[in-house]
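Everything on this sheet refers to the single structure shown next.
Positions are given from 1, in the same order as the sequence printed here. Everything quoted here is computed from the prediction, not taken from an experiment.
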Amino acid sequence: MEESISLLTLIKKSFDLKEVDIRTYSPLTLAYIGDAVYDLIFRTDVVLQGNTSANKLHNKTVQYVKAPAQARLIESIMEELSEEELAVYKRGRNAKPYTMAKNATMSEYKKATGLEALIGYLYLTNQMDRALQLIQKGLHNAEGKEEHRDK
């Protein structure tokens, strides 16, 4: 069976990038790349659900990637995080942001930044299986809570 090569590995190889100690990166740097990776996950999911207009794709994706949704997701998986993952999340959550989300509270924005830092860390340490596992678990948990609230 052929072993797959991660996108990160391909990028490093194609651009001849050296290995770095990701633990030395600032939490906002981790959140920067984590935001893009998190967005790509949901864009991929939405696109693979069917071909439609870019506007509809965007509107569907935004429901998952906006700060309040990210805050709900991370809240629903806190007990699932390892000690290391929790430390990365907290560093991201506690970082001093330079901007503020337009449609989120400061608490939601900080939690979302923490989640993005965690996803960035997992991506840069080649742990995408774990990132996807946490996101899927978070979606399941958060959707269950939303359904419960509607009843």
Pairwise distance [atom1]([X]) to [atom2]([Y]) - rounded to 0.5 angstrom:
{"X": "L115", "Y": "L134", "atom1": "CG", "atom2": "CG", "value": "9.0 Å"}
{"X": "L124", "Y": "I22", "atom1": "CG", "atom2": "CD1", "value": "4.5 Å"}
{"X": "I41", "Y": "T61", "atom1": "CD1", "atom2": "OG1", "value": "12.0 Å"}
{"X": "I5", "Y": "K13", "atom1": "CD1", "atom2": "NZ", "value": "6.0 Å"}
{"X": "D129", "Y": "S6", "atom1": "CG", "atom2": "OG", "value": "10.0 Å"}

Tell me the closest heavy-atom pair linking [X] and [Y], and the distance in Å.
{"X": "R91", "Y": "P27", "result": "NH2-CD, 3.3 Å"}
{"X": "A131", "Y": "I119", "result": "CB-CD1, 4.1 Å"}
{"X": "A67", "Y": "A104", "result": "CB-CB, 3.7 Å"}

_Can you confirm whether K12 is buried at NZ, in the sense that more than 12 heavy atoms of other residues, nucleotides or ligands lie under 6.0 Å from that atom?_
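Yes.
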
_Are more than 12 heavy atoms, taken from residues, nucleotides or ligands other than E79, located less than 6.0 Å from that residue's CD atom?_
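It does not: E79 CD has 12 such atoms or fewer within range.
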
[X] vs [Y] side-chain heavy atoms within contact, under 4.5 Å:
{"X": "Q70", "Y": "K111", "answer": "no"}
{"X": "L139", "Y": "F42", "answer": "yes"}
{"X": "R93", "Y": "I74", "answer": "no"}

Let me check something: do [X] and [Y] share a hydrophobic cluster, defined by ILVMFWY side-chain heavy atoms less than 4.5 Å apart, either directly or through other members?
{"X": "L132", "Y": "L81", "result": "yes"}
{"X": "Y32", "Y": "V20", "result": "no"}
{"X": "Y64", "Y": "I77", "result": "yes"}
{"X": "L57", "Y": "V65", "result": "no"}
{"X": "I11", "Y": "Y38", "result": "yes"}

Listed partners of [X] passing salt bridge (charged side-chain N to carboxylate O under 4.0 Å, His left out), at least two apart:
{"X": "E85", "value": "R130"}
{"X": "D45", "value": "none"}
{"X": "E80", "value": "K137"}

*Do S82 and E84 have a side chain donor and acceptor closer than 3.5 Å?*
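Side chains of S82 and E84: no pair found under 3.5 Å.
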
*Is there any ring pair (Phe, Tyr, Trp, His ring centres under 6.0 Å) pair reaching into residues 101-135, and which pairs are they, with sequence neighbours excluded?*
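Those involving residues 101-135 do not exist here.
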
*Starting from the C-alpha separation in whole Å, work towards a yes-or-no answer on side chain to side chain donor-acceptor pair (under 3.5 Å) for K60 and Q63.*
CA-CA 6 Å; K60 270 184 105 173; Q63 296 308 307; over 6 Å; no

_Could you check whether R72 pairs with E108 (Lys NZ or Arg NE/NH1/NH2 to Asp/Glu carboxylate O, under 4.0 Å)?_
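Not counted as a salt bridge, because no side-chain N and carboxylate O are separated by less than 4.0 Å.
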
*Could you pull out all residues at least two apart from L28 that satisfy side-chain contact (heavy atoms from CB on, under 4.5 Å)?*
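For L28 the side-chain contact (heavy atoms from CB on, under 4.5 Å) partners, ignoring immediate neighbours, are S26, A95, Y98, T113.
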
*Pick from V37, L122, L8, L7: which one makes a side-chain contact (heavy atoms from CB on, under 4.5 Å) with M128?*
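Only one option passes, and that is V37.
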
*Does any N or O in the side chain of N141 come within less than 3.5 Å of the main-chain N or O of S76, such that one atom is a donor and the other an acceptor?*
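Side chain of N141 to backbone of S76: a pair is present.
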
*T44 side chain to L40 main-chain N or O, any donor-acceptor pair under 3.5 Å?*
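Between the backbone of L40 and the side chain of T44 there is a qualifying donor-acceptor contact (under 3.5 Å).
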
_Once side-chain hydrogen bond (donor to acceptor under 3.5 Å, both in side chains) is applied, do any residues pair with Y89, and if so which ones, sequence neighbours excluded?_
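So Y89 forms no side-chain hydrogen bond (donor to acceptor under 3.5 Å, both in side chains) with any residue.
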
